[in-house]
Amino acid sequence: MRIIYVFLKGEGTNVWRPVSARHVDADIFEIVTENRDPEDECWEFNRGQKVRCKERVTPEGEKILIAYELFPN
């Protein structure tokens, strides 16, 4: 399992939620974390979806993987 970051829609600023994901292949991950409060947080991608990820460096210098695109099944 890896931690990837999923964008939260409708927050007014850029907010990313860390979620657990299973590495599938190359830059493709399957999200395994369930959004337990979908009325409060609107995730761009949800549990069970396969997504492409890319590396991003945070302002603190940490390298993270962000989900940026749904991978067609």
Side-chain angles (χ1 to χ4, degrees):
M1 288 297 169
R2 294 278 307 266
I3 297 295
I4 65 170
Y5 289 78
V6 174
F7 184 72
L8 300 184
K9 299 188 290 187
E11 293 294 314
T13 62
N14 288 341
V15 179
W16 299 82
R17 166 69 56 212
V19 300
S20 293
R22 180 179 64 84
H23 184 235
V24 176
D25 186 35
D27 62 346
I28 302 164
F29 291 81
E30 180 179 356
I31 297 170
V32 298
T33 300
E34 181 179 348
N35 182 350
R36 297 191 182 260
D37 195 3
E39 292 186 22
D40 186 46
E41 288 188 357
C42 183
W43 295 5
E44 183 175 17
F45 307 109
N46 293 294
R47 181 181 185 184
Q49 291 184 308
K50 291 179 183 167
V51 294
R52 289 192 185 277
C53 292
K54 61 184 173 184
E55 192 174 89
R56 176 172 282 174
V57 179
T58 68
E60 296 80 21
E62 180 184 5
K63 291 181 182 178
I64 62 172
L65 288 175
I66 62 162
Y68 71 93
E69 169 178 83
L70 187 61
F71 181 77
N73 288 327

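Predicted model only: the values in this text are computed from it and were never measured.
- More than 12 heavy atoms of other residues, nucleotides or ligands lie within 6.0 Å of CZ in Arg22, so this atom counts as buried by the packing criterion.
- By the 4.0 Å N-to-carboxylate-O rule, Glu34 lies close enough to Arg47 to be salt-bridged with it.
- Two residues are said to be in side-chain contact when any heavy atoms from C-beta on lie closer than 4.5 Å; Trp43 and Leu8 meet this criterion.
- Contact check for Asp27 versus Lys54: no side-chain heavy atoms found under the 4.5 Å cut-off.
- Residues Val6 and Ile31 meet the side-chain proximity criterion, which asks for heavy atoms closer than 4.5 Å.
- Pairing each heavy atom of Cys53 with each of Ala67, the nearest pair is SG-CA, 3.9 Å.
- Taken together through direct or relayed side-chain contacts under 4.5 Å among Ile, Leu, Val, Met, Phe, Trp and Tyr, Val51 and Val15 form part of one hydrophobic cluster.
- Ile3 and Phe45 fall into different hydrophobic clusters, where Ile, Leu, Val, Met, Phe, Trp and Tyr are joined by side-chain heavy atoms under 4.5 Å apart, directly or via other members.
- With rounding to the nearest 0.5 angstrom, the CD atom of Glu44 is 9.0 Å from the CD1 atom of Ile66.
- Side chain to side chain, Glu60 and Thr58 meet the donor-acceptor criterion of an N or O pair below 3.5 Å.
- A donor-acceptor pair under 3.5 Å is formed between the side chain of Thr33 and the backbone N or O of Ser20.
- Counting only heavy atoms from C-beta outward, the side chains of Arg52 and Tyr68 approach each other to under 4.5 Å.
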- Task: Please test Arg56 against Trp16 for side-chain contact (heavy atoms from CB on, under 4.5 Å), starting from the C-alpha separation and ending with a verdict.
- Result: CA-CA 12 Å; Arg56 176 172 282 174; Trp16 299 82; 3.5 Å; yes
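- The minimum heavy-atom distance between His23 and Ala26, with the atom names listed, is NE2-O, 2.8 Å.
- When hydrophobic clusters are built by joining Ile, Leu, Val, Met, Phe, Trp and Tyr residues whose side-chain heavy atoms come closer than 4.5 Å, directly or via intermediates, Val24 is not grouped with Leu65.
- Side chains of Phe29 and Met1 form no contact here, defined as non-hydrogen atoms less than 4.5 Å apart.
- Between Lys50 and Glu30 there is no salt bridge, since no side-chain nitrogen of the basic residue lies less than 4.0 Å from a carboxylate oxygen of the acidic one.
- Atoms SG and CZ, from Cys42 and Arg17 in turn, are 13.0 Å apart once rounded to the nearest 0.5 Å.
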